[in-house]
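Comments concern the structure below.
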There are 2 protein chains.
Amino acid sequence: MGRWQPGARERLEQAALDLFLEQGFTETTVPQITARAGLTTRTFFRHFADKREVLFAGEESVPERVARFMAEAPPSLGPMELISENLAPAAAEIFEGRSLDYLLRRRAAIDAEPALHERELRKFSLMSQALEQGFRARGVDELTAQLAAEVAVTTLRIAVTRWLNQHGDPGLPATIDQTLAAMRHLTNTPSA
Amino acid sequence: MGRWQPGARERLEQAALDLFLEQGFTETTVPQITARAGLTTRTFFRHFADKREVLFAGEESVPERVARFMAEAPPSLGPMELISENLAPAAAEIFEGRSLDYLLRRRAAIDAEPALHERELRKFSLMSQALEQGFRARGVDELTAQLAAEVAVTTLRIAVTRWLNQHGDPGLPATIDQTLAAMRHLTNTPSA
DNA sequence: TCAGCTATGACACGTCGTGTCATCACTATC
DNA sequence: GATAGTGATGACACGACGTGTCATAGCTGA
């Protein structure tokens, strides 16, 4: 078994997530994962750069999709307009094909392990960099582009967290809208 | 040399930063660092949890200082007021005792290595969690507390980056004020 | 049938990080 | 000023991570 069996990557992802939830990330060794998937250790590292990456596969294309998304938007839209109108559809595209159950299990594994949490922070950082580039390509000045990118990513991240915490109760678009509204309300509050 | 020589920790930090800048983080082995500092490998890991941590020592106390800071602020201040008035002094306290030259060298090392960048993202994440707790302790609702904490940390992070990129040219407080103003302007822009 | 390509297996190896115990230096107490 | 205690360090072994390298097995097309 294993050699030339299709879906090696998927089998590794499945086995890894199961084991991480069963006995923890640190306690799970790569040989354990590959044994369950019917492969060898060396093959694991041919599919994934490191042990954490098995939970983040297939997300490498998000930044470039973000860039394309922004390039196709009407040039007249300001940064906040762009975020308001396109954050929800972009998020939907990112999560398409992933079941809520998988997302919740994945979330549980990530929350239990600081190393995985760090990897997720990098994912959002990369997304923010792509957004910043997109804003700058639309003529936004550097500082505003940085801030707008961070606002978008932060809003998305918090909204997704809340959405998952409620087991997907209000839809993701509705949660995003709520979060964006709260962000506006917060920053529009007069200060001092 | 080494045994009972005072300042082992500082010697390790110095040697590590030098080597990271000379030949890169990955290419630098822990034995190389300890050899330059006149110690053994085992001692390195008694002072730092892992190889990255040598650049982040002494920052563990930031979250609790943030919590104290917020508990002592006048209860009447809203989240954005609190950020506006206290972000700059808090930042100044964090960076006290670190020379600009050290901060720039450290920045260069971190920017050159994704693993170090990830560690820095975790630092900001911890800071954000502390801020969120502080806001909640002041009676702010959960969503607003999350957002306010992220806004504060994002503003601080971008401001520090810009400040360092300009070699500390306008002072850090001025840069923070500029960044906060840009954030207000961005989110106050009418949308759609 | 054969040649070429790609994924996998097998093995060796360097580095990271930890557990464990002995040893050395500083300190306090008498 | 001798001695016991405390805390940092040295020395060694070891498991896990991740990589380099070559052989091998399966698929593909002529």
Side-chain angles (χ1 to χ4, degrees), chain A residues 1-58 60 109-110 112-120 122, chain B residues 1-20 22-58 60 109-110 112-119 122:
Chain A
M1 160 180 187
R3 176 94 89 165
W4 247 233
Q5 207 82 12
R9 211 183 165 86
E10 290 70 20
R11 265 170 21 233
L12 287 170
E13 291 178 18
Q14 180 90 37
L17 179 54
D18 289 347
L19 284 167
F20 291 168
L21 291 173
E22 287 172 18
Q23 52 185 4
F25 176 81
T26 307
E27 291 70 23
T28 301
T29 68
V30 175
Q32 284 177 347
I33 299 171
T34 53
R36 185 172 290 203
L39 296 166
T40 62
T41 302
R42 191 64 187 85
T43 298
F44 180 92
F45 290 107
R46 287 203 183 89
H47 285 278
F48 308 101
D50 60 60
K51 204 170 95 176
R52 304 176 308 169
E53 215 63 17
V54 71
L55 291 188
F56 295 88
E60 308 84 3
I110 292 174
E113 177 58 42
L116 294 172
H117 184 226
E118 278 193 27
R119 177 60 182 83
E120 179 153 84
R122 183 160 78 91
Chain B
M1 157 181 187
R3 177 96 86 167
W4 248 230
Q5 206 83 13
R9 211 183 166 86
E10 290 69 22
R11 261 164 33 226
L12 287 169
E13 290 178 20
Q14 179 90 36
L17 179 54
D18 289 346
L19 284 166
F20 291 167
E22 286 172 18
Q23 52 185 7
F25 176 81
T26 307
E27 292 70 23
T28 302
T29 66
V30 175
Q32 283 177 348
I33 299 171
T34 53
R36 186 171 290 204
L39 296 167
T40 61
T41 301
R42 192 64 188 84
T43 298
F44 180 92
F45 290 107
R46 287 202 183 89
H47 284 279
F48 309 102
D50 59 61
K51 205 170 93 176
R52 304 176 307 169
E53 216 64 17
V54 71
L55 291 187
F56 294 87
E60 308 85 3
I110 292 174
E113 176 58 42
L116 294 173
H117 183 225
E118 279 193 27
R119 177 59 182 82
R122 183 159 78 89

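Numbered from 1 within each chain, the chains take letters A, B, ... in sequence-line order.
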Heavy atoms from other residues, nucleotides or ligands near CD of B:E53 exceed 12 (cutoff 6.0 Å): yes

Exactly one of A:T29, A:I33, A:V30 clears side chain to side chain contact (heavy atoms under 4.5 Å, CB included) with A:T41, and that residue is A:V30

By side-chain hydrogen bond (donor to acceptor under 3.5 Å, both in side chains), which residues pair with B:Q32, not counting sequence neighbours? B:Q23

Find the distance B:E27:CD to C:dG14:C1' and express it as a whole number of Å. 14 Å

Rounded to whole Å, the CG-P distance (B:L12 to D:dA8) equals 14 Å

How many whole angstroms separate atom CZ of B:F48 from atom P of C:dT18? 14 Å

Is A:E22 salt-bridged to A:R36, cutoff N-O under 4.0 Å? yes

Tell whether A:R46 reaches the base of C:dG9 with its side chain through a donor-acceptor pair below 3.5 angstrom. yes

Under the criterion salt bridge (Lys or Arg N to Asp or Glu O under 4.0 Å), I'd like the reasoning laid out for B:K51 against B:E113: C-alpha separation, chi angles, the key distance, then a yes or no. CA-CA 12 Å; B:K51 205 170 93 176; B:E113 176 58 42; over 6 Å; no

Is a donor on one side and an acceptor on the other found under 3.5 Å between the side chain of B:R9 and the backbone of B:H47? yes

What one-letter contact string describes nucleotides 13-18 of chain D from 5' to 3', where B marks a base within less than 4.0 Å of any protein heavy atom, S marks contact via sugar-phosphate atoms alone, and - marks no contact? ---SSB

Verify the contact: side-chain N or O of A:H47 to OP1 or OP2 of C:dA7, cut-off strictly under 4.0 Å; return yes or no. no

Look at the side-chain N and O atoms of A:T43 and state whether any lies under 4.0 Å from the OP1 or OP2 oxygen of C:dT8. no

